[in-house]
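We count ligands from 1, going down the list as the structure has it; atoms in each ligand are counted the same way.
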Amino acid sequence: MTGLPPLPAPMPSIHLLSDLLINQIAAGEVVERPASVLKEVLENAVDAGSRAIDVQLEQGGVRRIRVADDGCGIAKDELALALERHATSKIANLDDLERVGTMGFRGEALAAIAAVARTTLTSRAEGSAHAWRIEGAERSVAPAALGAGTVVDVADLYYNTPARRKFLKSEGTEYAHCDEMFRRVALARPDIGLQLAHNGRVVHRLPAADHARRVAALMGDDFLAQARPLDADAGPLRLSGFASLPAYSRASRDAQYFFVNGRFVRDKLLTHAVRQAYTDILHGNRHPAYVLFLELDPAGVDVNVHPAKIEVRFRESRAIHQFVFHALSRTLAESGAGLAMRDAPIAASTTYSAASPAAAEPDDRAAAARAQPFGAYRDAPPVQGRLAMESASRSYFDFVGTARESAPPPSAQPSATEGFRPTAFPAPAGRSAAPTAPQLPQHADDSAPLGYALAQLHGIYILAQNAKGLVLIDMHAAHERILYEKLKTVLDGRPSVQRLLIPAVFSVSAKDMAAAEECAEVLTGMGFDVAPAGPQELAVRSVPALLASAPVAELMRRLLEELREFPASEVVTARRNELLATMACHGAVRAHRSLTLPEMNALLRDMEATERADQCNHGRPTWTQLTMSELDRFFMRGQ
Ligand SMILES: Nc1ncnc2c1ncn2[C@@H]1O[C@H](COP(=O)(O)OP(=O)(O)O)[C@@H](O)[C@H]1O
Ligand SMILES: [Mg+2]
């Protein structure tokens, strides 16, 4: 008998929630942490037309956030209303909502904040004889002393919601988030003088200034010196600000600020447009730094799609994308950045020396070896057919994290057990044994569609020979794809972990520190053991076995940077594959690392065994084939 589902417990009767509870629930969306309180309160001060704003934080903002402004103030009989949900002076009807020009408009921030922290509002409206104060809890209004403007004091965040309090991180972490929030407002509004103090110490003192000076104060003089100003408009659209030249690119996305009508946003469309403008001039691992302001008719952008308003929706998204892309491209092109960068990789490529005239005759090899002081063949007995420079550094085997016994160098030991048939190379008529590399297998069978490695070209490509002809493989791209797919399967279960003999200890920014703390669980789940080793230092003690040979510090910094862009909950689900891609990219063999033939063959076998190995994670191809007939045609053989 298949039992019926158990009867539900009798449903409690329906009743309305208390206002306090409603506000506490709403606070879940708006008041995620001290930084979100600071954001709301700062934005209120900005909306009030303030010329000067003073922020004092205690204990990362958890103990206290006090913001004093010199704005328009709140009249006595509106003080209580300001703390009510859905009470706002900023919009009155749908029309207003559709063309809202203030930072706030939902009328829910103060109510939510007052529901989860001890909140006091002191304000003196213009024309009022003195100030008035209201306590959030009692809602009683009493006379107070204040010259002008408003002071919002938010103390003991989550004092009455202990479950929430547990999610607060260390003081340093919460402070880092507050600092970032302050920077955003300060960048958006250079015309307002701003000051921030933490635990009594002044951290930022920013007099009202023009954009350039404010940007320099917050992003550094270096940035400004290496950035191009831009100011472009097209009809109702205007893009202004500063964008770094490629020389100032960064390893992280830290220094990227995009404002839409004065509001800091993180928007896929805009990020994409910017990224595209930099595509040709910036290497994929580098990130531009910028502070950009897009202005448009408020009716053209919906800011009411996210509780914290960090995402927006454009009515004419294509036009906006085009405009941003072109305005930025033009600025970068005018600066000559394009030329400078396009040369860079070429210059770099002349410095490595693993170049080998692939498949040269033994005599030529000797000549080549002489010609190259760090010659490709010095330690490589020609009998082995080792054309690639053997390096003392880590090998592909290390990189894949498996001690592969498979794929011995077919050149060294062709063996029937591997399905290796030394005679069956289907050479075109008239072609005898390949004149190129006598020791190499002269055919490739079905079990090895990508063939067998002949050599490494300029430390970047693997040249291999298969039944059809020549195969060219982008070593890094191919390995990246393999690692990615392996990480995906391995991390579905419990990843096997490699303890590092010597923990990797490295310095990190406060923001990275915060991300490591917040995402500790995510990182553990992926096989990393990360712990603070000092106030600004992290120690990594273990890594996923697949990444045993990856540059740990670099990899971890990149991961943290991605992690801190999104809440941990999103990271595990939606962004997991992006994280894996980052891990794969950093774990994969770097260009210019010499591989031995066995290593190259192991890579080829791995490619054959890996799904979607045809393309790297960025969608670029990983290998290509040049058939014998294509080569024959090129050399006009047999014509
Ligand atoms: N610093 C301030 N100066 C003047 N008025 C303020 C200030 N902070 C809040 N207010 C008033 O309180 C109202 C409610 O604030 P808030 O809950 O943040 O909602 P919103 O900003 O969405 O209107 C605002 O509409 C504004 O009238
Ligand atoms: Mg507000």
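- Inspection of the N44 and K39 side chains reveals no N or O donor paired with an N or O acceptor under 3.5 Å.
- Ranking the protein heavy atoms by distance from atom 12 (O) of ligand 1 puts A82 CB, 3.5 Å first.
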task: Would you sort out whether E135 and R139 count as a salt bridge (charged side-chain N to carboxylate O under 4.0 Å, His left out), showing the intermediate values?
output: CA-CA 5 Å; E135 307 278 343; R139 310 270 155 128; over 6 Å; no
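- Smallest separation of non-hydrogen atoms from A45 and D69: CB-OD2, 3.4 Å.
- One side chain, D179 or H204, offers a donor N or O that lies under 3.5 Å from an acceptor on the other.
- Inspection of the N304 and R106 side chains reveals an N or O donor paired with an N or O acceptor under 3.5 Å.
- Near K90, the atoms of ligand 1 lying under 4.0 angstrom from a non-hydrogen atom of the residue are 20 (P), 21 (O), 23 (O), 24 (C), 25 (O).
- The heavy atom nearest to atom 13 (C) of ligand 1, considering only A75, A109, A87, A45, is found in A87.
- Interface of R106 with ligand 1, defined as ligand atoms under 4.0 Å from a residue heavy atom, comprises 22 (O).
- Comparing heavy-atom distances from atom 23 (O) of ligand 1 across N44, L83, T88 singles out T88 as nearest.
- Residues H211 and F293 bring their aromatic ring centres within 6.0 Å.
- A 4.5 Å side-chain heavy-atom check between M103 and L42 finds every atom pair outside the cut-off.
- With ligand atoms numbered from 1 in the order given, ligand 1 contributes 1 (N), 2 (C) to contacts under 4.0 Å with heavy atoms of D69.
- For ligand 1, the atoms sitting less than 4.0 Å from at least one non-hydrogen atom of G107 are 17 (O), 19 (O), 20 (P), 22 (O), 23 (O), numbered in the order shown with element in parentheses.
- No hydrogens or angles considered: a donor-acceptor pair under 3.5 Å links the side chains of E517 and T173.
- Between L110 and ligand 1, at least one pair of N/O atoms sits closer than 3.5 Å.
- Within the 4.0 Å heavy-atom criterion, the part of A48 lying near ligand 1 is the side chain and not the backbone.
- Checking H586 against E554 by side-chain atom types alone, a donor-acceptor pair falls below 3.5 Å.
- Scanning all protein heavy atoms for the shortest distance to atom 5 (N) of ligand 1 gives I74 CG1, 3.3 Å.
- Heavy-atom proximity to G104, at under 4.0 Å, picks out these atoms of ligand 1: 21 (O), 22 (O).
- The Mg ion (ligand 2) has no N, O or S atom of T88 inside 2.8 Å of it.
- Residue contacts with ligand 1 leave out E40, since none of its heavy atoms falls under 4.0 Å from the ligand.
- By the 3.5 Å distance cut-off applied to N or O atoms, S89 is counted among the residues near ligand 1.
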